[in-house]
Amino acid sequence: MAQVEFKRVPIASLHEDPANARKHPDRNRAAVRSSLTEFGQVEALVVQRGTGRVIGGNCRRGELRVMG
């Protein structure tokens, strides 16, 4: 089993997975943004190491990017 590695990287280095089947309407994005504002990021994004492709947390990545 592969080792899990936690690492801080610039948000600009991460890319949304084009194969992500989940689409997030504005209402969901607003809820995610509100949660991030109130609690901060409490769950790590899952990212493919070699490509920077986000496998888990595409909506959070997008809202974090918008929030700066």
Side-chain angles (χ1 to χ4, degrees):
M1 178 181 256
Q3 288 248 324
V4 174
E5 179 183 344
F6 291 94
K7 188 175 180 181
R8 289 180 182 250
V9 298
I11 194 78
S13 71
L14 304 177
H15 309 285
E16 186 171 324
D17 184 356
N20 182 20
R22 294 188 70 184
K23 303 300 176 203
H24 299 280
D26 291 341
R27 181 177 175 186
N28 287 11
R29 289 189 175 278
V32 169
R33 189 170 36 253
S34 176
S35 176
L36 288 167
T37 299
E38 185 171 351
F39 303 110
Q41 183 181 353
V42 296
E43 185 177 352
L45 302 176
V46 179
V47 178
Q48 188 174 34
R49 184 184 323 211
T51 65
R53 181 183 306 156
V54 176
I55 298 168
N58 280 288
C59 185
R60 279 180 286 138
R61 182 212 60 92
E63 293 311 306
L64 287 165
R65 191 169 183 162
V66 168
M67 294 169 68

Nearest 0.5 Å, what's the [atom1]-[atom2] distance between [X] and [Y]?
X     : Y     : atom1 : atom2 : result
Arg61 : Asn20 : CZ    : CG    : 10.0 Å
Leu64 : Leu14 : CG    : CG    : 9.5 Å
Arg65 : Met67 : CZ    : CE    : 14.5 Å
Glu63 : Arg33 : CD    : CZ    : 4.5 Å
His24 : Arg60 : NE2   : CZ    : 9.5 Å

Applying side chain to side chain contact (heavy atoms under 4.5 Å, CB included), can you list everything that pairs with Glu5, at least two apart in sequence or on another chain?
Lys7, Arg49
Is there a chain of hydrophobic side chains (I, L, V, M, F, W, Y, each step under 4.5 Å between heavy atoms) that links Val47 to Val9?
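Val47 clusters together with Val9.
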I'd like to know if the side chain of [X] and the backbone of [Y] have a donor-acceptor N/O pair within less than 3.5 Å.
X     : Y     : answer
Arg22 : Cys59 : no
Ser35 : Ala31 : no
Asn58 : Asp17 : yes

For a quick test of reading the model, state the closest non-hydrogen atom pair linking Val42 to Phe39 and the distance between them.
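Minimum heavy-atom contact is CG1-O, 3.7 Å.
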Give the minimum heavy-atom separation between Gln41 and Ala44, together with the two atoms involved.
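Closest approach of Gln41 to Ala44: NE2-CA, 4.0 Å.
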Under 4.5 Å between any side-chain heavy atoms of Val54 and Glu16, yes or no?
no
